[in-house]
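Comments concern the structure below.
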Amino acid sequence: MCTSQPHANVPEIIGKKRDKMDLSAEEIGYFVQGVTKQTIQESQIGAMLMAIRLQGMTKEETMNLTKEMKNSGNVLQWPKDFSGLVVDKHSTGGVGDKVSLILAPALAACGCKVPMISGRGLGHTGGTLDKLESIPGFNITQSPEQMKDILKTVGCCIVGQTADLVPADKKLYAIRDVTSTVDSLPLIAASIISKKGAESLNALILDVKYGEGALYKEIHGARELAQYLVDVGNHLGIQTAAALSRMDNPIGRCVGNSLEVIESIECLKGKGPKDLEELVSCLGSHLLHMCRKAESLKAGEKAIKDVLKDGSALAKFQAMLVAQGVTTDKAKDLCQGKEVLTRAKKQEELKAQAGGVVQAIHSLPVAEVLHELGAGRNQPDEPINWSVGIELLKTVGDKINKGDPWIRIHFENPPLSEKQMSLLQKSLVIGEKAQEGPLVTEIIQTQSQGGKGHSCPP
Ligand code: URA
């Protein structure tokens, strides 16, 4: 391994990484501070990112990069009585992934503090902020002081990233996006964990998805990312674990922003689909165990299921909506199941072309069709139609007869085309038997947490 001397010259630092040498903590600090203060040219940032993408970084370099990025802006501070209780989860993105809307209030109902900083959807996966913004009045912009107040009174908030939280990531991410350097393990890890570090978390669970609807199609890629994230997170002082979860079929029965809010409320009443409740309780049990609110994973699972059944998680969700700008009446009506959200003007059902058992519903074509119908965006800040979505009338494992309606598509403008209907029909796989098995197939922890293992009770 090559040793590094401190440098204050950007071309020399870029040259070292280009030539596969390790950068010192000082060199990484100099680079990140230059990005934040805008004293480094964009061409130099692009060159450095490409050098990292091609030559990689050691774990130590990645940890130094993460620390510097975290400290590039505001680091949230919490009152003493939150000590040990501040938790969050991060997902690498899925189809129908509404887990945050349920998990944050469920954890708050269990006594945790959840300052969840989420993102918007980009590409085929949905974003938590878009789902919440389909609720009239919901405000994703909250200052650190407002977040602190909401955590004191409610216990959870779900907000967008502010300009002064990890500004280095904002700049680096924008340049990665246009320089083909997004898919770099050290850059992904530094980007995700720096933002979680700035939340001053005690515990973090990462939901790393694999399968056709995920960033990683195969488990080994997801496992490598998960282990990397867990190591970097723990090094930063956050107790971090990762769940590897299958992302083949849509999660739950609804995909699309406002439909997913409605399904989340059902789950918050203890009446959600089995796969969604399983994912929420698995991720929640790990966080409750890590922050010592549960003696075991089994106890953690029970605690999450209990707050979903007894209405206390729903009460937290309702209180969070009000704290973030929704009127008391609207929040109450929504949580009572009244029609508060705008419905798409048109709905169309497709019928099964054969009978048998639903083996799979491919999530990627479903997401891509919804994207074309206006549920997602191609450019940041592009407007979307919150009411566009699908409801699965049949799901994996269900018996189905030829002619049974199996999907209801909600759309407006553009209309649903023949080609899109055909793509959706092809996403339904009918056979003799469905594949059974848990959504979370592996938990990744550091050695001190007990190492790798299957840790969600069936
Ligand atoms: N999410 C992030 O915040 N950063 C990445 O680099 C990838 C996913």
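Start at 1 and go down the list; that is how both ligands and their atoms are numbered. Residue numbers start at 1 and run along the sequence shown. Note that the structure is a prediction, hence the values are computed from the model and not measured.
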Nearest to atom 2 (C) of ligand 1 by heavy atom, S194, G93, G119, S191: which? S191
Salt-bridge criterion met for D231 and K59 (N-O under 4.0 Å): yes
Test your reading of the structure: does H90 have an N or O sitting under 3.5 Å from an N or O of ligand 1? no
Could you tell me the residue and atom name of the protein heavy atom closest to atom 3 (O) of ligand 1, and the distance to it rounded to 0.1 Å? K195 NZ, 2.5 Å
Side-chain contact test, heavy atoms from C-beta onward, threshold under 4.5 Å: evaluate it for K171 versus E42 and give yes or no. yes
Quick one: does M116's side chain get under 4.5 Å of C156's, heavy atoms only? no
Closest protein heavy atom to atom 1 (N) of ligand 1, given as residue, atom name and distance to 0.1 Å: I192 CG1, 3.7 Å
Show the nearest heavy-atom pair for residues R53 and S184, with the distance to one decimal. CD-CB, 3.9 Å
